[in-house]
Amino acid sequence: MTKLYKAPRGTTDVLPDDQPYWDRVWEASARICGLFGYRRIETPVFEEASLFARGVGEVTDIVQKEMYVFQDRGGQQLALRPEGTAPVCRAYLEHGMHNLPQPVRLWYWCPIFRYDRPQAGRYRQHTQLGCEAIGEADASVDAEVIELLFRIYEELGLQGLTLHLNSIGDPTCRPRYLEALRGYYADKLKRLCNDCEARYQRNPLRLLDCKQDRCQPVIAGAPPFTDYLCDACADHFARLRSYLEDVGIGYLLNPRLVRGLDYYTRTVFEFQPQEGGAQSTVGAGGRYDGLIEELGGRSTPGIGWATGIERIVLNLKRQELAVGEPPRPRVFVAFQTADARSQSFRLASDLRREGIAAVVAAGERSLKAQMRHADALGAEYAAIIGKRELADGAATLRRLADGHQEMVPLADVAGRVNQ
RNA sequence: GUGGGCGUCGCCUAGUGGUCUAAGGCGCCAGGUUGUGGCCCUGGAGAUCGAGGGUUCGAAUCCCUCCGUCCACCCCA
């Protein structure tokens with residue numbers, strides 16, 4: 001016996017029983033994105049690898065250890081999309097979208113690939129819904145995209161999400177802050193965990209969200225970025241908060257919120273559920289005013305977010321939120337003898353053409369077995385064709401809920417079902 | 001990539017060195033007479049106990065390696 005294949009590590013099958021959850025998230029997303037004037041874009045599953053190295057940042061974990069990189073037969077270095085923003089910005093540039101009214105409002109729903117260690121709610125192939133508003137720096141756009149994501153969660157009925165908000169400045173003020181942060185940490189290095197010693201050199205912002213107990217007291221005393229923002233960034237942040245208050249969206253100022261992608265400037269935010277472990281951030285995003293330029297375009301501001309569909313579905317299930325009923329046939333067509341077979345096959349076909357979901361018995365099974373099957377599928381009616389029906393050009397239509405049944409001419413079955 | 005928990009039929013679970021050529025429930029399939037479901041009854045298929053190696057007279061049960069999964073990190077949605 002040969003080995004059974006399994007889905008590769010970190011990948012998952014979305015089975016029919018799960019589809020109602022996915023349908024619901026898709027429906028809410030598409031509708032509300034449309035409501036906010038966002039239009040859907042699809043980009044390829046793979047891109048030139050260097051797009052991500054340039055866009056996301058050469059030294060980020062995503063690029064250094066999580067990208068699926070491969071060479072195609074023509075020798076090109078390609079990468080399976082590890083995040084959604086850089087490709088959308090590439091498309092913005094490639095298709096001259098700066099000629100459209102700004103900002104350009106886009107949303108997407110696509111698979112994302114990261115070679116990570118899998119956990120619940122974390123997959124090597126997962127699906128992200130995201131939006132990008134490109135071409136306008138005003139804080140109202142920051143508030144708009146946050147509200148958009150908030151409304152999607154609200155529509156889905158997700159409870160207990162907290163919006164964490166922070167500003168990590170821009171090239172004017174960030175160096176000043178990093179200097180202050182390094183200064184603060186300089187005499188505390190021996191109290192830190194090993195990771196943080198490395199962070200101090202490489203990526204001091206990351207010192208702020210270390211999870212180690214021993215680092216917490218040091219973090220607690222660290223200067224908050226908001227005290228070091230330049231006037232323009234401080235003003236932007238204040239206006240964003242004011243807009244959020246205008247539309248009734250509560251938030252938690254979290255001076256320790258930093259993001260792992262290099263392109264973020266000013267606004268960063270995350271939606272975190274109350275429970276569900278440390279890997280549970282369900283949606284996150286921020287402003288990336290330098291990204292388009294980094295990718296070779298003119299200086300163009302942008303902001304966006306991404307949210308993990310698998311994590312949303314996980315939370316929907318955790319909250320036992322009801323989703324739509326799974327689809328079931330209205331009519332199950334059963335037959336008694338082999339000579340009634342083609343008649344029942346035709347009846348099922350006719351019913352479907354009338355828009356009635358119909359399934360016909362397959363194989364050689366007793367009528368009893370067929371009826372069991374009809375019940376198991378949750379059909380509303382069983383249409384039975386036996387000798388008598390065959391002779392009369394009719395079918396016995398049985399309502400499964402109460403067992404009421406009568407013989408109906410074949411031509412009238414659809415009408416009777418729809419009554 | 002690091003550390004830890006777990007891994008028995010499709011699903012849930014019993015069994016922790018011999019009575020296990022592995023038990024039960026759900027689900028699946030078939031019957032309960034002669035054209036019919038749901039309840040009930042009966043029967044059946046389905047697991048070499050994640051894989052490989054070792055210890056032992058003997059292993060699902062102990063050890064090692066690998067794989068998978070879950071948790072905490074790294075990092076991220």
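Each chain gets a letter, A, B and so on, in the order the sequences are listed, and its residues count up from 1.
A close approach under 4.0 Å does not occur between any side-chain nitrogen or oxygen of A/Arg117 and OP1 or OP2 of B/C71. Within the structure, a side-chain polar atom (N or O) of A/Arg365 is placed less than 4.0 Å from OP1 or OP2 of B/A30. For the OP1/OP2 pair of B/C74 and a distance below 4.0 Å, the side-chain nitrogens and oxygens of A/Lys211 include at least one atom meeting the criterion. Contact annotation: A/Gln119 reaches the phosphate of B/A72 (side-chain N/O to OP1 or OP2, under 4.0 Å).
At a threshold of 4.0 angstrom between heavy atoms, the contacts of A/Arg124 with the nucleic acid are absent. A/Tyr123 comes within 4.0 angstrom of a nucleotide base, judged by non-hydrogen atoms across all strands. Using a 4.0 Å heavy-atom criterion, one finds that A/Ala306 contacts the sugar-phosphate atoms exclusively. Residue contacts for A/Gly378: at a heavy-atom cut-off of 4.0 Å it reaches no nucleic acid atom on any strand shown. The residue A/Ile112 sits apart from the nucleic acid: no heavy atom pair falls under 4.0 Å.
Donor-acceptor pairing under 3.5 Å is lacking for the side chains of A/Glu132 and A/Tyr38. Checked by atom type, the side-chain pair A/Asp142/A/His236 shows a donor-acceptor distance below 3.5 Å.
Centroid-to-centroid, the aromatic rings of A/Phe332 and A/Tyr381 stay 6.0 Å apart or farther. In summary, the aromatic rings of A/Phe225 and A/Tyr177 are positioned with their centroids under 6.0 Å apart.
Here the nucleotide nearest the side chain of A/Arg9, chosen from B/C74, B/A77, B/G68, is B/G68.
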For each nucleotide in nucleotides 31-40 of chain B, reading 5' to 3', give B when a protein heavy atom comes within less than 4.0 Å of its base, S when such contact involves only the sugar-phosphate, and - otherwise.
-> BB--BBBB--

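The gap from the P atom of B/U36 to that of B/A23 amounts to 35 Å, rounded to the nearest Å.
We find that CD of A/Glu83 is positioned 8 Å from P of B/A77, with the value rounded to whole Å. Distance, A/Phe113 CZ to B/A77 P: 16 Å, rounded to whole Å.
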Only pairs under 3.5 Å count here: list side-chain donor-acceptor contacts from residues 341-352 of chain A, not counting sequence neighbours, and write none if there are none.
| unit_1 | atom_1 | unit_2 | atom_2 | d |
| --- | --- | --- | --- | --- |
| A/Arg341 | NH1 | A/Glu364 | OE2 | 3.1 |
| A/Ser342 | OG | A/Arg346 | NH2 | 3.3 |
| A/Gln343 | OE1 | A/Arg346 | NH1 | 3.2 |
| A/Ser344 | OG | A/Ala340 | O | 3.0 |
| A/Ser344 | OG | A/Arg341 | O | 2.8 |
| A/Ser349 | OG | A/Arg353 | NH2 | 3.3 |
| A/Asp350 | OD1 | A/Arg353 | NH2 | 2.8 |
| A/Arg352 | NE | A/Ala358 | O | 3.0 |
| A/Arg352 | NH2 | A/Ala358 | O | 3.3 |

